[in-house]
Amino acid sequence: MYDYYLGGKDHFAADRETAEKAMTSWTSVRTAVRENRSFLGRAVRYLADEVGIRQFLDIGTGLPSANNVHDVAQGVAPESRVVYADNDPIVLAHAQALLTSTPEGRTAYIHADLREPEKILTNPSARRLLDFDQPIALMLVAILHFLPDGDDPRALVRTLIDALPSGSHLVASHVTPEHDPDGVRGLEDSYRAGGVPAQARTAEDFAELAFDGLELVDPGVRLVSEWRPDHTASRPTAAEVSWYGGVARKP
């Protein structure tokens, strides 16, 4: 569905059907998704360029699109290494075909589920590619709102963060009901009807879930369109975006 919103070509009839239903309630969802994708690019560029991060673990990768994590990171530092993880075998098949690394860097793709973080952390491919004694950027972008409270997402995030060394960073984003409650509620209902769990959260709940115990990077938790924007042109309204993002450092 994410690929469909972005105008890609890699999706199925069931994806389109659910996405279209969601769009009838949250009419600006395509704008929101584009803004979230731009946020991901800016966050990765910041970490690679200003912080010097050279290792990235992207969980909930989704189908390859423009400006994937390795595209941005290796554009700054060609030696960057990226591990992509997703629980959809179709996504991994596309990733293996399309997400090709620079000669200096490396990419790997693992079939894993965020709800089983230990399996991600002990995966042989992840362990071969990433040095867990050096800072790693953990990417949880547009994935946490698919974990309802019953999955205890806070504990899942903590398990991942606890395994990373000091100086590592977390990049996360999350849909919010604060600015367009009816539209986002309709999105949740459409997803659930299509068999996809979904739970939007407020900025406060998102920050507590994702960034508790970490040092938020300026400007903190903001609408993804407002997190270090790289232009001064007019941006979408809060209701059109309805998506928060942030970057934080592990002390």
Side-chain angles (χ1 to χ4, degrees), residues 2 26 28-29 31-47 50-51 53 56-60 62 69 85 114-115 117 120 135-181 183-185 187-188 191 197-230 235-251:
Y2 195 81
W26 188 13
S28 65
V29 63
T31 297
V33 167
R34 285 195 297 269
E35 291 296 332
N36 178 71
R37 193 68 179 178
S38 295
F39 159 74
L40 179 147
R42 295 195 303 275
V44 171
R45 192 173 300 110
Y46 160 76
L47 292 173
E50 298 187 38
V51 181
I53 297 289
F56 296 81
L57 175 56
D58 182 9
I59 302 176
V69 171
L114 176 55
R115 292 166 294 187
I120 297 174
I136 294 172
L138 172 63
M139 312 293 298
L140 298 177
V141 176
I143 185 66
L144 294 175
H145 46 240
F146 294 117
L147 296 177
D149 287 344
D151 286 331
D152 198 359
R154 190 175 186 278
L156 300 176
V157 174
R158 295 280 75 74
T159 297
L160 291 164
I161 293 296
D162 287 348
L164 304 181
S166 174
S168 294
H169 284 67
L170 170 63
V171 180
S173 69
H174 201 296
V175 170
T176 180
E178 292 177 311
H179 308 291
D180 183 7
V184 172
R185 189 177 304 113
L187 176 98
E188 290 176 310
Y191 275 33
Q199 181 177 339
R201 294 180 172 92
T202 64
E204 181 179 359
D205 289 343
F206 166 50
E208 182 180 358
L209 159 62
F211 302 120
D212 186 38
L214 304 179
E215 300 170 346
L216 276 165
V217 171
D218 187 67
V221 173
R222 292 288 187 272
L223 290 168
V224 289
S225 53
E226 303 301 319
W227 196 91
R228 301 192 175 211
D230 52 13
R235 293 185 287 277
T237 66
E240 290 175 313
V241 178
S242 292
W243 209 312
Y244 286 119
V247 178
R249 179 185 183 275
K250 181 177 179 179

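Sequential numbering from 1 along the given sequence is applied to the chain's residues.
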Next on the checklist: Looking at Glu226 and Leu223, would you say the former's side chain and the latter's main chain have a donor-acceptor pair under 3.5 Å?
Outcome noted: no

Checklist entry - Can you find a pair of side-chain heavy atoms, one from Pro219 and one from Trp227, that are under 4.5 Å apart? => result yes

Item to check | Rounded distance (nearest 0.5 Å) linking atom CG of Leu209 with atom CG of Leu156 | outcome: 9.0 Å

Item to check | Heavy-atom pair with the smallest gap, counting every atom of Ala200 and Pro177 | outcome: CB-CD, 3.7 Å

Checklist entry - How far does CG of Asp205 sit from CG of Asp149, to the nearest 0.5 angstrom? => result 8.0 Å

Checklist entry - Which value, rounded to the nearest 0.5 Å, describes the distance between Leu114 atom CG and Phe146 atom CZ? => result 11.5 Å

Checklist outcome for this item: Rounding to 0.5 Å, atoms CD1 (Ile143) and NE2 (His174) come to a distance of 10.0 Å

Checklist outcome for this item: Distance col, row Glu50:CD vs Arg45:CZ, nearest 0.5 angstrom, shows 10.5 Å

Item to check | Sub-4.5 Å side-chain heavy-atom contact between Val157 and Leu144 | outcome: yes

Checklist entry - For residues 150-172, which residue pairs qualify under side-chain hydrogen bond (donor to acceptor under 3.5 Å, both in side chains), counting only residues two or more places apart or in two chains? => result Arg154-Asp212

Checklist entry - Okay, side chain of Arg228, backbone of Tyr46: is any donor-acceptor separation there less than 3.5 Å? => result no

Checklist entry - Do Ser173 and Asn36 have a side chain donor and acceptor closer than 3.5 Å? => result yes

Item to check | Whether Arg42 side chain and Asp230 backbone form a donor-acceptor pair below 3.5 Å | outcome: no

Item to check | Smallest separation among heavy atoms of Ala203 and Thr176, with atom names | outcome: N-OG1, 4.4 Å

Checklist entry - Should we say atom CD of Glu215 is surrounded by more than 12 heavy atoms from elsewhere, each under 6.0 Å from it? => result yes

Checklist entry - Roughly how far, to the nearest 0.5 Å, is OG1 of Thr202 from CD of Glu208? => result 9.0 Å

Checklist entry - Applying the side-chain contact (heavy atoms from CB on, under 4.5 Å) test to Met139, which of Ile59, Leu40, Leu57 qualifies? => result Leu40

Next on the checklist: Can you confirm whether Leu140 sits close enough to Leu170 that some side-chain heavy atom of one is under 4.5 Å from a side-chain heavy atom of the other?
Outcome noted: yes

Item to check | Given Trp243, Tyr244, Phe206, the one that forms ring pair (Phe, Tyr, Trp, His ring centres under 6.0 Å) with His145 | outcome: Trp243

